[in-house]
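Numbered from 1 within each chain, the chains take letters A, B, ... in sequence-line order. What you see is a predicted model; the values in this text were computed from it and never measured.
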Amino acid sequence: MGYFLTLINKLSQTLIVGIGIHLSFSLGGILFLGFPTIVSVSAYALAISERAGLNPYIALLVAMAAALVVSLLFAYLFVKVSAESFSVLGLASIVAFEALARSWDGVTNGILGIGGIQRPEIFTNLPALVIGTILIAMLVLFLEGVLLQSKFGRALRAFKENPTILEVLGISHQKVSTILIILTGLIFSLGGILIVWQVQFLDPSFGGLTMLIEILTIGILTLKPQVKAVVIATLLVVLLPEILRFTSLPSNIFGHLRVFLYSLILIFLIIKFQNKLFISQRSI
Amino acid sequence: MFFLQILINSLVIGTQVLLLAAGLYLIYSVARMYHIALAGIMVSGAYSYYSLINILPALVALLFSVAFTIIMGILSYLLLASLIERKQGLLALLVSASLWFALKSLAAMIYGSGGKFLSEGVLSTFNLGGPAGINITQVGFYTLLFGSIIAISAYFILTFLPIGRTIRAIAQHSECASLVGIKENQVRMLIFAIAGGIAGLIGVFTAMNNSLTPSLGSDLIIMAFIAVLIGGVNFKGTILASFLLVLIPEFIISTNFGVSSLSSSWKMVIVFLLTLSLLILKPKGLFSISLRKS
């Protein structure tokens, strides 16, 4: 029973983070590789705030505020440098933040990590947390659906297709990209907080490569601006590797095998479906 | 003497960064993509050396490892060729990153995540003199030697030889280059092969100085990319930025500026903060050059 509850929780958490990558990459065309950094920053902000004596609700606000600050920084960087440079800087931020978390022993407890992270009272037990996470995931999914039908949603798709024409129509592409990065940063942060509330432990490896590859695969699979596409992609990405759990493979290679398989899937999908991944400019 | 030791250590690491950065820069010039899978190729080269060292002499094992990584460089180009031709730099970057992660996790599955050592016992060092005894490891010395030869050769080739002009032509305007009969695909494959070989060589040297793990090269490739970025995506800028990126954090960590001691694990944090500061001040890089408009 515990395994299934944990699996459902993971599905909901991954769905939330997947919505973030769906908005930023699949719809907006921004290859935001720094999202694990935002997840880690908000998780550590939550843990450190609770360690400092703040109650979980205030710690939640602090975590979201930290995510907002980091998202603003990424949004600024996106405007300043090229798209490829922004992506690799995102990767660099993952390495840098992990180094910071390992090194700053006094604040982050270094490689030993921070344990005993408290959940809010309404999520005291796992079933309550699972229900809460599902409800939050449904809410974020609903909000995404509303956003996609809105003026901003249309501007977002235009931003990916042709930012120049967007400018000609009087919509600042810098404004669209800034709002998008901040919005998705907050969504990523929410996902990270829910993950930390479940495991109640945090160390520098949190939010690293495995999350990056997993969520990017969702981003590549969800090419359409449809909410159901995210749900289907999340189900595939989370449930497929679970089959490996029932094989006789040693547990110490399970994590590496997951990353290996996701990487190969990503390579295959991008090479095979490269025409569909970026919408070619329509001729007027 | 203390600062001289920092300088020597920085020169060694800076050379490793420079060689990777040179590979990244050359690939970016001809293919307009950042081939960060060079980190995975680096790891593959180091692990192939680790596998061969027990059955072959060291030099032969090294040559085989470099040959292996040259082939990997070519294979990675063939994988990315369609994306490069369609100028899909972002998708090519994603494929390159996925390739890196795949190679890293494959190495972890085959060899385990634990550190391996390519040499037994304490590394032999050369004493460069002085009362405090400035030392450089044998591996560090060879890194500097090979690095200098490769860097000077690359500069000479790019500046004076026809193949260098060909590469620069493709970098500046690939369509015009193909119009005058330059075979872009062959030149790109050559660049990918050379970059792969250099990455393999650096992988072996880095693993000799530290322990060999699947994460080898993660920091180096990020620093190499940052060197290309803040160098303004030109060769001279890349050379200077490679050494600055190593020297400044080493200096800060070693001297501490009177604050409580910083361990070397702070290096990547300092590099990232330095990068952010420089990019805010000069988004196009410190030494960017503007191209002629055709």
Student: Is there a ring-ring contact (aromatic ring centres under 6.0 Å, His included) between A/Phe35 and A/Phe74? Walk through the geometry before answering.
Tutor: CA-CA 10 Å; A/Phe35 69 85; A/Phe74 275 121; over 10 Å; no

Student: Measure distances from B/Leu99 to the heavy atoms of chain A and classify the residue's part below 4.5 Å as side chain, backbone, both or neither.
Tutor: both

Student: Quick one: of A/Ser85, A/Ala99, A/Ser82, who has the most non-hydrogen atom pairs under 4.5 Å with chain B?
Tutor: A/Ser85

Student: Can A/Lys10 and A/Glu242 be counted as an ion pair, charged N to O under 4.0 angstrom?
Tutor: no

Student: Among A/Leu180, A/Thr184, A/Val176, which residue meets the side-chain contact (heavy atoms from CB on, under 4.5 Å) test with A/Ile30?
Tutor: A/Leu180

Student: Identify the residue among A/Leu77, A/Ile181, A/Ile182 that makes a side-chain contact (heavy atoms from CB on, under 4.5 Å) with A/Leu72.
Tutor: A/Ile182

Student: Given that the side chain runs from C-beta out, which part of B/Leu103 has a heavy atom under 4.5 Å from chain A: side chain, backbone, both or neither?
Tutor: neither

Student: Go through the atoms of A/Leu91 and report whether side chain, backbone, both or neither lie under 4.5 Å from a heavy atom of chain B.
Tutor: both

Student: What are the two closest heavy atoms between A/Pro204 and A/Tyr44, and how far apart are they?
Tutor: N-OH, 3.1 Å

Student: Answer with yes or no whether the side chains of B/Ser113 and A/His256 bring together a donor and an acceptor at under 3.5 Å.
Tutor: yes

Student: A/Phe32 and A/Phe86: ring-ring contact (aromatic ring centres under 6.0 Å, His included), yes or no, with the steps?
Tutor: CA-CA 8 Å; A/Phe32 191 4; A/Phe86 175 75; 5.7 Å; yes

Student: Chain B heavy atoms under 4.5 Å from A/Ser93: which part of the residue, side chain, backbone, both or neither?
Tutor: both

Student: Where does A/Val81 contact chain B at under 4.5 Å (heavy atoms): side chain, backbone, both or neither?
Tutor: side chain

Student: Which residue out of B/Ala92, B/Gly89, B/Pro214, B/Ala102 racks up the most heavy-atom pairs below 4.5 Å with chain A?
Tutor: B/Ala102

Student: Counting only non-hydrogen atoms closer than 4.5 Å, does B/Lys267 touch chain A with its backbone (N, CA, C, O), its side chain (CB onward), both, or neither?
Tutor: neither

Student: I'd like to know if B/Lys87 pairs up with B/Glu175 as an ion pair, taking the criterion as any Lys NZ or Arg NE/NH1/NH2 lying under 4.0 Å from an Asp or Glu carboxylate oxygen.
Tutor: yes

Student: Which one of B/Met223, B/Arg86, B/Lys104 has the most heavy-atom pairs closer than 4.5 Å to chain A?
Tutor: B/Arg86

Student: Tell me, for B/Ile36 versus chain A, whether the close heavy atoms (under 4.5 Å) come from the side chain, the backbone, both or neither.
Tutor: side chain

Student: Highest number of heavy-atom pairs under 4.5 Å with chain A: which of B/Ser218, B/Ser96, B/Ala107, B/Ser98?
Tutor: B/Ser98

Student: Side chain, backbone, both or neither: which part of B/Phe101 has a non-hydrogen atom closer than 4.5 Å to chain A?
Tutor: both

Student: Determine the option with the most heavy-atom pairs under 4.5 angstrom with chain B, choosing from A/Ile213, A/Leu264, A/Leu33.
Tutor: A/Ile213

Student: Using heavy-atom distances under 4.5 Å, tell me whether A/Leu261 contacts chain B through its side chain, its backbone, both, or neither.
Tutor: neither

Student: Let me confirm one number: the CD-CG distance from A/Glu98 to B/Asp219, rounded to the nearest 0.5 Å.
Tutor: 9.0 Å

Student: Under 4.5 Å from any heavy atom of chain B, what part of A/Tyr262 do you find: side chain, backbone, both or neither?
Tutor: neither

Student: Measure across B/Val246 and B/Ser10 and return the closest heavy-atom pair with its distance rounded to 0.1 Å.
Tutor: CG1-O, 3.5 Å

Student: So what's closer than 4.5 Å to chain B heavy atoms on A/Leu89: side chain, backbone, both or neither?
Tutor: both

